[in-house]
Amino acid sequence: MATGETEREAHVPEEQDGTAAPRTLAEALRARGDEGIAALLRARPDLLAPVPTDLTQLATRAGTRASVVRALERLDRFALQTAEALAVAPDPAPYPALLALMAGDAGDAAVAEALPGAVAVLREQALVWGGDDRLRLVRTARELLAPSPQHPSPTGLGPTVAEATAGMSPGRVQEILQAVGLPSTHDPVSAVAALTGLFTDRTRMDALLDQAPADALGVLDRLVWGPPYGEVGAVPAPPVRWLRDRGLLLPVSARTVALPREVALHLRAGRAHRVPEPAPPTVEPAREYRPQVVDGTAAGQAYTALATAEELLKKWDQGGPPVLRAGGLSVRDLKRTATALDVPEPVAAFWLELLYGAGLLAPDGEAGERYAPTPAYDAWLELPAARRWARLAGTWLASTRTPGLVGGQDAKGRTLSVLGPDLDRGAAPEVRRRVLELLAALPPGGAAEPDVLLARLRWERPLRGGAAGADLRARLAVWALSEAETLGVTGRGALSGHGRALLDDPDGEAAVALLAPLLPEPVDHVLLQADLTAVAPGPLRRALADALSVLADVESTGGATVYRFTPGSVRRALDAGRTAAELHAFLAEHSRTPVPQPLAYLIDDVARRHGHLRVGAASSYVRCDDDAVLGEILADKRSASFGLRRLAPTVLASKAAPAVLLDGLRSMGFAPAAESAQGDVLVTRADAYRTGPRTAPAPVPDGPPVPDATLLGAAVRAIRAGDLAATVTRKEPETATTARADGTLPRTSAAETLATVQAAALTNSAVWIGYVNAEGAASQRVIAPVRVEGGFVTAYDHTADEVRTYALHRITGVAELADE
């Protein structure tokens with residue numbers, strides 16, 4: 001067997017009810033009901049890949065190292081402490097012995113109350129099996145949790161007397177017996193048993209320790225709670241020598257001694273752990289606010305979140321930064337994005353990852369690959385504000401992308417970049433959800449201290465991923481609190497009403513209903529000011545916001561957005577095909593204040609100069625009816641890089657591309673317009689650049705998902721049916737060849753096979769068959785024949801739980817089932 005869990009015991013007592021105690025984990029599973037098997041598969045879904053053929057295979061798989069490690073990582077601290085105590089207890093251990101290890105000689109009411117639940121959890125997950133009189137930790141778990149010099153136990157206990165004296169000479173063992181006043185024995189086994197009996201006898205041990213020098217007791221005090229190993233010199237100090245002579249310290253190497261487990265337990269008053277933790281740390285509210293204040297604060301942050309997301313993607317409307325060769329965004333582009341959004345770089349990384357996870361941002365897949373909004377972004381913009389927020393919040397809750405890791409290093413020392421590979425962490429969704437669940441357990445408006453939340457999470461998953469994994473989970477929890485506040489799921493550290501609804505309903509319908517009334521209604525006007533700015537007193541309607549974003553630049557965001565009109569922004573509107581008259585009419589229509597005279601002058605001035613120069617492709621050219629303007633351009637030193645030369649009084653040719661020449665002339669203070677090959681002015685629409693259709697990246701799961709009820713039911717039926725076929729008692733025909741020692745199936749002749757299945761069809765009884773399919777795979781099955789004709793038997797297959805047809809010539813052997 002792979003783990004040894006299915007091997008037989010030499011002696012197994014009968015249970016009190018008269019039924020035999022399970023001899024193996026497979027037998028213990030066989031005694032469970034369907035609900036018990038389903039509970040095991042639900043708690044350890046890795047056992048379902050693929051579905052075990054029978055309970056023996058399920059038990060073997062449940063004892064494999066990888067599966068046991070995963071199961072141990074999902075135990076809470078007290079269940080894990082219980083497993084650690086069983087790992088240092090005798091095998092098998094009666095329940096009272098386990099209780100003594102957990103509660104100590106003095107007892108502990110809280111431990112005694114919580115221990116049955118912990119044992120039930122271990123038993124449900126098939127980490128412990130057997131009755132309360134013979135509790136057995138599966139062998140793989142014992143090997144992982146038992147103390148060893150290479151892998152110290154969290155209990156701090158060392159080797160037993162038998163383990164520490166395994167390589168000791170018989171004469172030395174007899175000397176120890178003599179030193180502690182025990183009679184000599186004739187063999188090492190009885191000597192070790194006598195010494196173990198002394199160390200486990202509280203009265204005699206107290207008497208022995210009463211004789212110990214004070215310095216020797218000090219040595220024991222330093223080792224009692226671990227680590228239990230100490231180094232000694234070539235000539236041990238008198239206290240160490242006194243302890244070593246009496247076996248209270250036993251040598252494990254030439255320069256190392258160990259405190260025997262039995263001695264440590266006596267000094268600890270029987271406790272395996274210094275501090276048992278039967279109950280999780282309580283999460284109490286550190287601050288309390290009115291729920292309305294929390295909801296209002298969170299809603300304001302949700303509005304800001306939507307504005308930030310739209311601002312970021314709008315800046316990349318014509319295509320964003322390039323994609324690094326290894327994937328992701330460069331450090332320089334991340335800094336630029338953070339500066340443009342006026343947020344710290346970690347916050348910019350959060351927004352980029354969130355929009356990428358929501359499928360609103362992706363690489364365009366072109367030759368010079370760069371990031372750009374996806375077509376889904378346009379559909380997202382058309383949604384009501386509350387639904388847009390629910391889409392982002394739902395993505396955050398389920399995403400395995402971890403922006404907090406940006407700037408760190410992977411296992412190979414490479415820097416992790418935003419939107420790059422290796423940022424998925426399967427534990428992230430679980431930690432985020434658990435943090436919100438702990439906040440949801442508080443009264444509405446209650447906020448907890450982060451340290452208290454971290455202590456609770458550490459209790460719930462103490463082994464998750466080892467030391468590095470525990471540190472990651474702590475960082476994930478801290479990031480989750482910060483990100484929830486940034487996104488508007490929480491307000492002032494307390495879970496909002498729409499955050500609670502999102503937690504209960506991942507689709508977000510309830511959250512949308514709660515958040516929508518709290519968000520400001522879109523407005524259809526702005527307030528124009530004499531300093532060439534416009535103030536939007538709230539979120540603008542989509543059409544107005546789009547038009548205004550072309551005509552003006554966003555200067556600041558918040559409760560009110562401030563737009564600034566510049567010559568460049570007005571020229572942008574003119575390039576998009578708007579005329580000066582249309583711009584005046586647009587502002588007059590949507591402003592609650594009169595159009596300021598400076599703004600009207602700005603529009604007219606830019607419009608008067610717009611298109612005065614024409615740029616085309618020569619590589620490019622500039623033409624203008626006023627040859628003095630062209631002379632001014634040629635005389636300007638800033639135009640030297642364009643390679644300009646006069647072709648005619650009104651035409652200049654350039655070696656620069658039209659787009660470069662346009663930007664250069666604009667930087668020199670001119671207002672050129674592009675023209676087509678036919679000489680018409682090119683209108684530059686504000687059309688946005690989009691990637692091809694993209695699907696949102698799927699979260700990377702942290703192990704197999706928890707199976708649903710339908711899958712669990714089908715799996716349990718299949719395992720039960722397979723187990724029936726594997727364990728059913730059969731009656732062999734008198735002429736059947738008996739099973740050989742190598743485990744091959746018994747065989748019957750074709751005539752005997754046909755007669756047996758025909759008889760079973762007539763009597764509506766089940767039979768056992770050995771069958772080899774077309775691929776040559778052999779299996780054992782229990783079938784109930786319905787019809788036998790044409791060389792085939794149609795039967796209900798108990799193993800597969802369905803009706804199947806079998807070729808008679810592929811049945812290797814058949815046997816009736818025993819009456820019992």
Side-chain angles (χ1 to χ4, degrees), residues 314-319 366-368 370 372 532 546-553 563-587 595 597-690:
K314 190 171 293 183
K315 290 181 182 299
W316 291 9
D317 247 353
Q318 300 303 320
E366 301 296 332
R370 56 179 177 162
L532 299 181
D546 291 342
L548 194 59
S549 65
V550 176
L551 179 58
D553 298 323
Y563 294 86
R564 178 164 294 280
F565 299 94
T566 66
S569 67
V570 174
R571 184 181 62 246
R572 186 171 62 228
L574 295 173
D575 287 343
R578 306 293 291 269
T579 65
E582 290 174 341
L583 295 181
H584 286 300
F586 170 79
L587 293 175
V595 178
Q597 195 174 53
L599 179 56
Y601 285 165
L602 174 65
I603 294 173
D604 291 339
D605 183 56
V606 174
R608 183 174 61 256
R609 294 184 294 115
H610 184 262
H612 192 52
L613 293 178
R614 302 292 182 89
V615 173
S619 287
S620 59
Y621 62 85
V622 182
R623 70 179 181 87
C624 180
D625 294 337
D626 188 349
D627 59 350
V629 174
L630 297 183
E632 180 183 348
I633 294 174
L634 283 172
D636 196 318
K637 294 181 179 180
R638 291 175 293 177
S639 67
S641 61
F642 303 142
L644 294 171
R645 63 188 180 88
R646 192 185 291 269
L647 298 181
T650 58
V651 180
L652 297 178
S654 172
K655 66 180 182 181
V660 175
L661 185 56
L662 278 169
D663 291 339
L665 292 176
R666 285 167 179 168
S667 67
M668 293 168 60
F670 298 97
E675 73 175 12
S676 67
Q678 291 75 31
D680 300 324
V681 174
L682 288 175
V683 175
T684 306
R685 301 289 181 186
D687 295 332
Y689 177 76
R690 294 291 181 263

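Since the model is a prediction, treat every value here as computed from it, not as a measurement.
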For F586, all residues meeting ring pair (Phe, Tyr, Trp, His ring centres under 6.0 Å), sequence neighbours excluded: H590
Pairs flagged by side chain to side chain donor-acceptor pair (under 3.5 Å) wherever residues 598-609 is involved - sequence neighbours left out: H584-D604, Q597-Y601, D605-R608
Salt bridge (charged side-chain N to carboxylate O under 4.0 Å, His left out) partners of R646, counting only residues at least two apart: none
For R666, all residues meeting side-chain hydrogen bond (donor to acceptor under 3.5 Å, both in side chains), sequence neighbours excluded: D575
Partner residues of R571 under the side-chain hydrogen bond (donor to acceptor under 3.5 Å, both in side chains) criterion, sequence neighbours left out: none
Closest approach of Y621 to V651 (non-hydrogen atoms, all atoms of both residues): CB-CG1, 4.5 Å
For S641, all residues meeting side-chain hydrogen bond (donor to acceptor under 3.5 Å, both in side chains), sequence neighbours excluded: none
Set of salt bridge (charged side-chain N to carboxylate O under 4.0 Å, His left out) partners for E582, sequence neighbours left out: R578
Minimum heavy-atom distance between G319 and A372, given as atom pair plus value: CA-CB, 4.3 Å
Pairing residues for K315 by the side-chain contact (heavy atoms from CB on, under 4.5 Å) criterion, not counting sequence neighbours: E311, A340
Counterpart residues, side-chain contact (heavy atoms from CB on, under 4.5 Å), relative to V595 (two or more places apart): L528, L587, A588, L599
From R370 atom CZ to Q318 atom CD, the distance as rounded to the nearest 0.5 Å: 8.0 Å
Side-chain donor/acceptor of R564 to backbone N/O of D553, under 3.5 Å: no
Pairs meeting criterion side chain to side chain donor-acceptor pair (under 3.5 Å) with involvement of residues 625-637, two or more places apart: D636-R638
Among L634, L647, L662, L630, side chain to side chain contact (heavy atoms under 4.5 Å, CB included) partner for V622: L630
Side-chain touch I633/F642, heavy atoms, less than 4.5 angstrom: no
Which residues share a side-chain hydrogen bond (donor to acceptor under 3.5 Å, both in side chains) with S569, sequence neighbours left out: T566
Minimal non-hydrogen separation, L665 against P672, with atom names: CB-CG, 3.8 Å
Y689 side, atom OH; D317 side, atom CG - distance, nearest 0.5 Å: 12.0 Å
Euclidean distance, S639 OG relative to L652 CG, rounded to 0.5 Å: 8.5 Å
CG on L661 to OG on S620, rounded to 0.5 Å: 4.5 Å
Rounded distance (nearest 0.5 Å) linking atom CG of L551 with atom CG of L574: 8.5 Å
